[in-house]
Structure formats: structure tokens, C-alpha cells
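Notes follow once the structure below has been shown.
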Amino acid sequence: MALETTFVMIKPDAVQRGLVGAIVQRFEQKGLKIKAMRLEMPNPATIEKHYEVHKARPFYPGLVKYMTSGPVVPMMVEGESAIAVSRALMGATNPVAGKPGEIRFDFGQHIGRNIIHGSDSAETAAFELGLWFPKGGAQYKRAGDEFLFE
Ligand code: DAT
Ligand code: MG
């Protein structure tokens, strides 16, 4: 167990469907600390780099088209085991393969419109945080942390 920082991104479908608040609430409720967050039209080159590992996959062109179709909300999130915890909050890649309580299950129906992204390892988190937040995040002491951590 360790304090980790991870990269999370609310995808264009969720922004268009007005789900940003409901999704951010899941992370806040868990006690994860938001260290950076913005809403922006993503730079296509950034999306291409972000999903470079999937470049050879048949779904890659459609993925890039979808991810550049509208604003996204990139976030820097910190907490105990934040990488795995964020992935657990998100749920299965295919929204209907997961279970109730997972963000993707609760809000989505199709693998090509699956609401949210989260880094899958420490290496990926470092790469994605560097790509989306080269200036880092906010350093601040959060009221209430003494009731969240022993
Ligand atoms: P995850 O986002 O759960 O880490 P991934 O890294 O395997 O999943 O894939 C990245 C994204 O690509 C995923 O969130 C949605 C899309 N994707 C993956 N497999 C797909 C498929 N078979 N058809 C359409 N889109 C797919
Ligand atoms: Mg992935």
C-alpha cells in the first residue's frame, strides 16, 4: 500500500451527457484527492500519443475520432493505491461486462463509449500525467485528511 498519483480522464460522451459532476463525485466520495482538473477540447496529437499503445488495434481510428469529438476532463488524482482504486471505481472496459456500482456499468452501455479512462499501472500513470499535466498539480493540505487516514 502506498500513496499514488494517477491519471483519470472523463471522455467526450460523458461530458456531452452531463455526467461530469456525478463522476467526479465518485472520486471525491472515496476520499481521493483531486490535484489537477480541467475541461478542454483535446489536442489530436495528445490523444494519439495517449493511445499509442493501441495504434495497431482495429478500433484505434474510431477511438481517436471519438476521443477528439468533444471536450474531455483530464484529472490528476492522489490517494492510497490510487491507480488500482481508480480502475476499480471505473470498472470493466466493456460497461455491460462489469457490475452495478462501477462508473462504466452505471453510466454506459458500449465499449466504444465507455465514459472514463484511468491509468493501468505506475508506468502508465507517469507517462500519462507527464503528457497531460507537464506542470504538475496543486500542492495543498486538505481539510479532513486526519479523518481519512490513520
Ligand atoms: P481500458 O480503457 O479499460 O484501459 P484498453 O486500454 O484495453 O481499456 O482500451 C482503451 C480504450 O479503447 C477503451 O477504454 C475503449 C477502447 N476499446 C478497447 N477495446 C475495444 C474494442 N474491442 N472495441 C472498441 N473500442 C475498444
Ligand atoms: Mg487502458
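Fair warning: this is a prediction, and the values are worked out from it, not measured in the lab.
Its side chain outside the 4.5 Å cluster rule for every partner, Val96 clusters with none of the Ile, Leu, Val, Met, Phe, Trp and Tyr residues. When hydrophobic side chains of Ile, Leu, Val, Met, Phe, Trp and Tyr are connected at separations under 4.5 Å, Ile83 ends up as a singleton with no cluster partners. Grouped with Ile111 in a hydrophobic cluster is no other residue, since no side-chain heavy-atom contact under 4.5 Å to another Ile, Leu, Val, Met, Phe, Trp or Tyr is found. Other members of a hydrophobic cluster containing Met41 are absent, since no ILVMFWY side chain comes under 4.5 Å of it, directly or through relayed contacts.
Cluster annotation: Ile103 is connected to Val15 through the hydrophobic network of ILVMFWY side chains, with a link wherever side-chain heavy atoms come within less than 4.5 Å. Hydrophobic clustering keeps Val53 apart from Met67 (ILVMFWY residues linked when any side-chain heavy atoms are closer than 4.5 Å, directly or through intermediates). Residue Met9 is not grouped with residue Val20 when hydrophobic side chains (ILVMFWY) are merged at heavy-atom distances under 4.5 angstrom, including chains of intermediate members. Follow the hydrophobic side-chain contacts under 4.5 Å out from Tyr66 and you never reach Ile23; the two are in separate clusters. Using a 4.5 Å cut-off between side-chain heavy atoms of Ile, Leu, Val, Met, Phe, Trp and Tyr, with links allowed through other members, Leu63 and Ile115 fall into different hydrophobic clusters.
For Phe107 against Ala22, the heavy-atom pair with the smallest separation is CZ-CB, 3.9 Å. Closest approach of Gly70 and Pro42 over heavy atoms only: O-CD, 3.3 Å.
Under the salt bridge (charged side-chain N to carboxylate O under 4.0 Å, His left out) criterion, Glu102 pairs with Lys99, sequence neighbours left out. Under the rule for a ring-ring contact (aromatic ring centres under 6.0 Å, His included), Tyr60 has no partner lying at least two apart in sequence or in another chain. Listed by chain and residue number, nothing satisfies the salt bridge (charged side-chain N to carboxylate O under 4.0 Å, His left out) test with Glu52 (two or more places apart in sequence, or in another chain). In this structure, the side chain to side chain donor-acceptor pair (under 3.5 Å) partners of Arg26, at least two apart in sequence or on a different chain, are Asp106.
Put simply, CG on Leu32 and CG on Leu89 are 6.5 Å apart, with the number rounded to the nearest 0.5 Å. Between the CD atom in Glu48 and the OG1 atom in Thr46 there is a gap of 9.0 Å [rounded to 0.5 Å]. Expressed to the nearest 0.5 Å, how far CG of Leu3 lies from OG of Ser81 amounts to 9.0 Å. For the atom pair CG of Asn94 and CG of Asn114, the computed distance is 8.0 Å after rounding to the nearest 0.5 Å. Atoms CG and NZ, from Leu19 and Lys11 in turn, are 14.0 Å apart once rounded to the nearest 0.5 Å. Atom CE of residue Met37 and atom CZ of residue Phe27 lie 11.0 Å apart, to the nearest 0.5 angstrom.
Side-chain contact between Pro71 and Gln16 is present, with heavy atoms from C-beta onward closer than 4.5 Å. Side-chain atoms of Lys33 and Glu28, non-hydrogen and from C-beta on, never get closer than 4.5 Å to each other. Within the 4.5 Å cutoff, no side-chain heavy atoms of Val72 are placed close to those of Ile10.
A 6.0 Å sphere centred on CD of Gln109 holds no more than 12 heavy atoms belonging to other residues, nucleotides or ligands. Within a 6.0 Å sphere centred on NE2 of His110, heavy atoms belonging to other residues, nucleotides or ligands number 12 at most.
The stretch residues 131-150 participates, sequence neighbours left out, in these ring-ring contact (aromatic ring centres under 6.0 Å, His included) pairs: Phe7-Trp132, His50-Trp132. Contacts classified as salt bridge (charged side-chain N to carboxylate O under 4.0 Å, His left out) and involving residues 84-97 (residues at least two apart or in different chains) are not found.
Remark: the backbone N or O of Met90 is not paired with any side-chain donor or acceptor of Arg104 at under 3.5 angstrom.
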Check: residues 122-129 side-chain donor-acceptor pairs under 3.5 Å, at least two apart:
| residue | atom | partner | partner atom | Å |
| --- | --- | --- | --- | --- |
| Glu123 | OE1 | Ser121 | OG | 3.4 |
| Thr124 | OG1 | Asp120 | OD1 | 2.7 |
| Thr124 | OG1 | Ser121 | OG | 2.8 |
| Glu128 | OE1 | His117 | NE2 | 2.9 |
| Glu128 | OE1 | Ser119 | OG | 2.7 |
| Glu128 | OE2 | His117 | NE2 | 3.3 |

Please tabulate, for the side chains in residues 73-80, all donor-acceptor contacts under 3.5 angstrom to protein atoms that are two or more places apart in sequence or on a different chain.
| residue | atom | partner | partner atom | Å |
| --- | --- | --- | --- | --- |
| Glu78 | OE2 | Lys35 | NZ | 3.2 |
| Glu80 | OE2 | Ala2 | N | 3.1 |

